[in-house]
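Notes to accompany the following structure.
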Amino acid sequence: MTEENKNIVINGVKIMWAKLNEPSEMSGKYQVDLVELDAAAVKILTKAGINVKDGKDKKRPAPEIGKYVVASATRPIPVVDAKRNAMSEVGGIGNGTIANVIVKPYEWNFKGKTGTGCGLQAIQIDKLKEYSGAADMFG
């Protein structure tokens, strides 16, 4: 394991599109977008080989989310509240929730393409914004 393949803690990050109670229908994974990443988070993720995307890109235009990554896992991940109590109801985590997130870079190879993924390890919810349907679109 290289230095870059260790856990990375990103504190106080805004999360969107949390799919933590069941796998996403699109990816088949538990996942969450870490958005509005600050320069320090971008630097450490980039150093680890993770491709940080920009909300201004043409594939997924959403300039309001700034720099972001999608962190995912193939299994349910631990989610705790600010006091480190396990949260059993994670389906109500809405866009704009502030969290401390642990991710771990991992190498992938699919149909001849390679890269470094952003593996979701754990989430601590600091300031919960409850999911409220369509009104929750952009946090």
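It should be emphasised that the depicted structure is a prediction, and the values quoted were computed from it without experimental measurement.
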Using a 3.5 Å cut-off and no angle test, enumerate the donor-acceptor pairs between side-chain atoms of residues 116-125 and protein atoms at least two apart in sequence or in another chain.
residue: Thr116; atom: OG1; partner: Glu107; partner atom: OE1; Å: 3.4
residue: Thr116; atom: OG1; partner: Glu107; partner atom: OE2; Å: 3.3
residue: Gln124; atom: OE1; partner: Asn100; partner atom: ND2; Å: 3.0
residue: Gln124; atom: NE2; partner: Asp81; partner atom: O; Å: 3.4
residue: Gln124; atom: NE2; partner: Ala82; partner atom: O; Å: 3.2

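- By the rule that hydrophobic residues join a cluster once side-chain heavy atoms approach within less than 4.5 Å of another member, Ile102 and Val69 end up as members of separate clusters.
- In terms of hydrophobic clustering, with Ile, Leu, Val, Met, Phe, Trp and Tyr side chains grouped at heavy-atom distances under 4.5 Å, Ile50 and Ile44 are assigned to a common cluster.
- At distances below 3.5 Å, not a single donor-acceptor pair connects side-chain atoms of Thr46 with backbone N or O atoms of Lys43.
- Residue Gly91 comes nearest to Tyr131 through the heavy atom pair O-CB, 4.3 Å, listed as atom of the first residue, atom of the second, then distance.
- The main-chain N or O of Asp57 is never found under 3.5 Å from a side-chain atom of Asp54 such that the two would form a donor-acceptor pair.
- Here the CD atom belonging to Glu36 is positioned 8.0 Å from the CE atom belonging to Met16, to the nearest 0.5 angstrom.
- Within the 4.5 Å cutoff, no side-chain heavy atoms of Leu45 are placed close to those of Leu34.
- Within the 3.5 Å criterion, the main-chain N or O of Trp17 finds a donor-acceptor partner in the side chain of Asn95.
- Side-chain contact between Val79 and Ile93 is present, with at least one heavy-atom pair separated by less than 4.5 Å.
- Heavy atoms from other residues, nucleotides or ligands lying under 6.0 Å from CZ of Arg84 number 12 at most.
- Looking at Asp33, its side chain never comes within 3.5 Å of a backbone N or O of Val35 through a donor-acceptor pair.
- Summarising the geometry of Tyr106 relative to Ser72, their closest heavy-atom pair is OH-OG, 4.3 Å, with the distance given to 0.1 Å.
- Take Ser24 and apply the side-chain contact (heavy atoms from CB on, under 4.5 Å) test, not counting sequence neighbours, and it matches Lys19, Met26, Ser27, Gln31.
- Expressed to the nearest 0.5 Å, how far NZ of Lys67 lies from NZ of Lys53 amounts to 13.0 Å.
- To the nearest 0.5 Å, the span separating CG on Asn11 from CD1 on Ile98 amounts to 11.5 Å.
- Nearest heavy-atom pair, Val90 versus Met87, reported as atom, atom and distance to 0.1 Å: CG1-O, 3.6 Å.
- Linking Ile, Leu, Val, Met, Phe, Trp and Tyr residues whenever their side-chain heavy atoms come within less than 4.5 Å leaves Ile10 and Val80 in two separate clusters.
- With hydrogens and angles disregarded, no donor-acceptor distance shorter than 3.5 Å links the side chain of Thr114 to the backbone of Asn109.
- When the side chains of ILVMFWY residues are joined at heavy-atom separations under 4.5 Å, either directly or via intervening members, Tyr30 and Ile8 end up in two distinct hydrophobic clusters.
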